[in-house]
Amino acid sequence: MVAYPISLYFSSIGPRPVLSMANAPERYNPREQEPFWQKTWAENQTFVTNNEDARPPYYVLEMFPYPSGRIHMGHVRNYTMGDVVARFQRAKGKNVLHPMGWDAFGMPAENAAMANKVHPRAWTYENIASMRKQLQSMGFSLDWSREFATCDEDYYHRQQMLFIDFLAAGLVTRKTSKVNWDPVDQTVLANEQVIDGRGWRSGALVEQRELTQWFFKISDYAEELLSAIDGLNDWPDKVRLMQRNWIGRSEGLRVLFEFASGDAGAKSVEVFTTRPDTLFGASFVALSPDHPIAAHLAEDDPALAEFIAECRRMGTSAEAIETAEKKGYLTPLTVKHPVIDGATLPVYVANFVLMDYGTGAIFGCPAHDQRDLDFARKYDLPVIPVVLPPEGDADEFAIGTEAYTGPGVAFNSSFLDGMDVEAAKAAIAEYLETKKIDGKPQAARQVNFRLRDWGISRQRYWGCPIPVIHCDTCGIVPVPKDQLPVRLPEDVEFDTPGNPLDRHPRFKHVDCPTCGSKARRETDTMDTFVDSSWYFARFTAPHAETPTIPEMADKWLPVDQYIGGIEHAILHLLYSRFFARAMQKTGHMEVTEPFKGLFTQGMVTHETYRDADGNWVAPADIVFDTINGDRTARSATGEPVSIGSVEKMSKSKKNVVDPDDMIAAYGADTARWFVLSDSPPERDVQWTEAGIEGAWRFVQRVYKLVSEASDILALDPLTVEAEDPRSIDMLKIAHRTTAQIDTDLAGLRFNRAVAQIYELANAIQKFMPVVAQAPSMANLGALRVAIERLVQFTAPMMPHLAETCWRFLAHDTMVCDTPWPAADESYLVDDTVVLAVQVNGKRRGEIEIPKDAPNAQAEAAALSLEAVARILEGNAPRKVIVVPNRIVNIVA
RNA sequence: GCGGGCGUGGCGGAACUGGUAGACGCGCCAGACUCAAAAUCUGGUUCUGGAAACAGAGUGUCGGUUCGAUUCCGACCGCCCGCACCA
């Protein structure tokens, strides 16, 4: 049979399309239909959002992609979910904003420049062009008129304006911080470029190096960012918890320890502790390798200097520091124990003490802190338990290999004995606050945050230039707004590592905007997290001369539904929350929380394959056989291939499926349906060939169902109305499905909505022969309701197929413009309910009784069951529990 | 190392707030249609025993709370995400 393109039959979306099922192709052809509808939507500007539209606004946003060059299945899944939300809300009568852009600055463009001699700009925009094409072939309801890339001059220009405003508002500061330094390549490395302590290109041992850098003062907002989490009710609890822990508010005590011996270059050292109640169990003091006292000691102690140097070769990531073996260097210093007269404690320099948390010095109480305990066991220090667990015995309680960190009462602790942990903390604080060392109180209570200021300086080319000039006379001078943007120069070389801006004379050497004397332009660019911290606001007025138009930002923000990967749960979301506050402070909008609803989706995974030599093999190059019931794989050339574990799709393991291939083979709708089916959206989904084929079959099934239904609906209705309860059953299912899908889509439980749609399709399929045989008004009416709803429910997920089907049902409008159907409550209630009957919690039968029947009736019906009587053996039940309309449990 | 999460048939998963475990899909088995195959349709499908009725077991492991636990609590095992310069 010749597959005529349906577009021949529906050559316009005008008011009178020609409908003829007689000539329609038997199978749905996405290659014809998908481009047709995409073109139709584009020509009609169906998804272009008007800011002035009177309908209630709804802003749905997916985390924008990095333009790596190809979309991957993770993108397909993420953007399909967002599109379902957008199309669903649109059908619900909202004015939906659903934009797309590109997170386009970043390291890969510079790496490509070094590897392939291609300019980062050219590389990036080429990637954007091909990815845009790919996304467009998916049929997403995006407003492409608002598209931008963060590397667009327009965008980074406005970002520089924001920086200048933040600087004026006191939200920016400069201070030193450590970076990974590659001594061979003479360049700063990202954490991911440090592999086992060595630079990824040079292989040289990485050193920590101090640089003066730009920071956003996010820590000023620590308390506010923490407390506002309580209001983020539409965020996953796990993300809220992660953010709380990241901010890490802790109440503790700063305690001065006076030196007893040795030359520290100071009279005392200040430590921060959250467990001052364990002070009587202290057995050492440890300083960060970056502590000034450690530096002072190292001046005359080459061994210590070497130890500190060794610590600095660990790289700067917390992960590297904390997973390294705990090591300490015993200094000649001792300190006086603050609460035990005459006692002294040794002072170590230890690799696990961080300079930028607390005071850079700690006291160790090994009995009640695991890290301290490991350290004490290693260096043979005393372990004195001072907190007794509830029901513990003070004479017998001892610490083995595990520290006790739970609740209890103080003991071995002089005047604290008998107090619980909280009371002991208060008592010791009160005591030390009144004592003086060197004229200062020995302790002060302090609220401390783990959250550090946000370092935004990057010594790289492909980022937003920080718009300031360093003048020897005037100091730091912001570039005047009328001289913005500070443009990235085009003529740069990537032959040598390091920052091309720093060796670019015309960029670097400028005159001071204030005094006109020779000055230096800042050559650091901004962290790409800055770019992604306000793009959601820019989408509300993407062409404005200013960063935002405040009325537009306030109209749309916060984003009603934000969707992206869990890997962004902390940094990106926290930075964006900070940015919203900073933008409010500087008058760019009123909203302080950028994302009202947040959804974090899981990854797309796939089996891995390796050939006999252990090389990874791509799924596209594999043929599967079933031998003795076992699934085996071989390469296209017949070589055996072993099937490995299921892992996140990654280029390195070649277990990737190219969305383009899927779209070419099955069409966008099938790919969309597959990524929504089965797996709950927050969980990882495994891509399987069987799964995609199942989705393809359902596409064809819907098409066939609708075309058959449209034939039946064209029958002449019987003039005599036959009473048919089956039409009522059909309507009940249709309305029940309506109610369920509404809840499921609103809650982003796409997999459940998919299951509902399958059930509706199954029911329609069974009902159609009934209608064909008895085409009464009631039956025809029920079929029309059911089949139209089936098409409407599939529309957000498979929009092209749904539009085609909608035409078959004699509509001359588009389904994407059709209001969402409502469930009729009267079809949702049943007169009777089926209750399970349990004996001792085990299901033994069921009873059907009227809904809301009295408990006594349920009990009587349950006891009259034969299976129940058999188990009771004539004995009276000890107890009967009736949960109305749910269950009866008999305790024998 | 620290913080967070996940674990249910052969497979993906469902189960509202502690109330019938396995909806729906995939796969498989049987049947229909076909010269045949594909496609499609119908039925079956947690495991063990049994012809069946039915009985027993069962939601990573071990234990606890409860009339009743996939759901709550504790310990453990495995996998995943983040850890501030990947995006």
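First the proteins, then the strands, lettered A, B, ... as listed; each starts at 1.
Residue A:D678 places its side chain closer to B:rG12 than to any other of B:rA87, B:rG12, B:rC67. When distances run from any side-chain atom of A:R458 to the nucleotides B:rC86, B:rU20, B:rC85, the shortest one goes to B:rC85. Nearest nucleotide to the A:A190 side chain, out of B:rA23, B:rA87, B:rC85: B:rC85. Considering only side-chain atoms of A:P680, the nucleotide from B:rU40, B:rA23, B:rG13 that sits closest is B:rG13.
Proximity of the aromatic rings of A:F599 and A:Y562 is defined here by a centroid distance below 6.0 angstrom, and this criterion is not met.
Distances shown here put every side-chain N or O of A:R844 at or beyond 4.0 Å from the OP1 or OP2 atom of B:rG68. The shortest distance between the side-chain N/O atoms of A:R870 and the OP1/OP2 oxygens of B:rA55 is below 4.0 Å. Taking only side-chain nitrogens and oxygens, A:N751 comes nearer than 4.0 Å to OP1 or OP2 of B:rA14. A close approach under 4.0 Å does occur between a side-chain nitrogen or oxygen of A:N762 and OP1 or OP2 of B:rG25. For B:rC83, the OP1/OP2 oxygens have no side-chain nitrogen or oxygen of A:S317 closer than 4.0 Å. Distances shorter than 4.0 Å separate some side-chain N or O of A:Q765 from OP1 or OP2 on B:rC41. A sub-4.0 Å separation between OP1 or OP2 of B:rG13 and a side-chain N or O of A:S679 is present.
Ion pairing between A:R312 and A:D290 holds under the 4.0 Å rule for side-chain N and carboxylate O. Between A:K175 and A:D453 there is a salt bridge, with a side-chain nitrogen of the basic residue lying less than 4.0 Å from a carboxylate oxygen of the acidic one. Between A:D527 and A:R458 there is a salt bridge, since a side-chain N of the basic residue sits under 4.0 Å from a carboxylate O of the acidic one. Salt-bridge check for A:R240 with A:D237: passed, with a basic side-chain N closer than 4.0 Å to an acidic carboxylate O. A salt bridge is absent between A:K178 and A:D356: the closest approach of a Lys/Arg side-chain nitrogen to an acidic carboxylate oxygen does not fall below 4.0 angstrom.
Side chain A:Q459 to base B:rC85: a donor-acceptor pair is found below 3.5 Å.
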Dump every N/O contact between nucleotides 1-6 of chain B and the protein below 3.5 Å, one line per pair.
| unit_1 | atom_1 | unit_2 | atom_2 | d |
| --- | --- | --- | --- | --- |
| B:rG1 | N2 | A:E322 | OE1 | 3.3 |
| B:rG1 | N3 | A:E322 | OE1 | 3.4 |
| B:rG3 | O3' | A:N245 | ND2 | 2.9 |
| B:rG3 | O2' | A:N245 | ND2 | 2.9 |

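With a cut-off of 3.5 Å on both pairing distances, B:rA52 has no Watson-Crick or G-U wobble partner at all. Here B:rC83 sits opposite B:rG1 as a Watson-Crick or G-U wobble pair (both hydrogen-bonding atom distances under 3.5 Å). In this structure, B:rC26 and B:rG10 make a Watson-Crick or G-U wobble pair, each of the two defining distances being under 3.5 angstrom.
Residue contacts shown for A:L451 include a base, since a base heavy atom lies under 4.0 Å away. Within the 4.0 angstrom heavy-atom criterion, base atoms lie near A:Q838. Across all strands, A:H572 comes closer than 4.0 Å to no nucleic acid atom at all (heavy-atom distances). Looking at heavy-atom distances under 4.0 Å, A:V194 makes no contact with the nucleic acid at all. Counting any heavy atom pair closer than 4.0 Å across all strands shown, A:Q213 reaches a base atom. Within 4.0 Å (heavy atoms only), A:G565 reaches no atom of the nucleic acid at all. Base contact: A:F529 has a heavy atom under 4.0 Å from a base atom.
Nucleotides B:rG74 and B:rU65 place their C1' atoms 11 Å apart, quoted to the nearest Å. The C1' atoms of B:rC11 and B:rU45 are separated by 13 Å, rounded to the nearest whole Å. Rounded to whole Å, the C1' atom of B:rC16 lies 40 Å from the corresponding atom of B:rA84. Here the separation of B:rU46 from B:rG10, taken at their P atoms, is 10 Å to the nearest Å. Spacing of C1' atoms, B:rG60 relative to B:rU71, comes out at 16 Å, to the nearest Å. Nucleotides B:rA21 and B:rC35 are separated by 47 Å at their C1' atoms, to the nearest Å.
Because its glycosidic torsion is within 90° of 0, B:rG9 is reported here as syn.
Between A:Q459 and the options A:T525, A:L211, A:D502, a side-chain contact (heavy atoms from CB on, under 4.5 Å) holds for only A:L211.
Side chain of A:S317 to main chain of A:N191: no donor-acceptor pair is present (N/O by atom type, distance under 3.5 Å, no hydrogens or angles).
Remark on RNA chain B: of its neighbouring residues A:V888 and A:S677, the 5'-side contact belongs to A:S677, judged by nearest-heavy-atom nucleotide. Nearer to the 5' terminus of RNA chain B, by closest-nucleotide assignment, is the contact made by A:E846 (compared with the other of A:E846 and A:Q756).
Counting to the nearest Å, the P atom of B:rA23 and the CZ atom of A:F750 are 24 Å from each other.
Relative ring orientation between A:F529 and A:H572 is described as parallel, the plane-to-plane angle staying below 30° on a 0-90° scale split at 30° and 60°.
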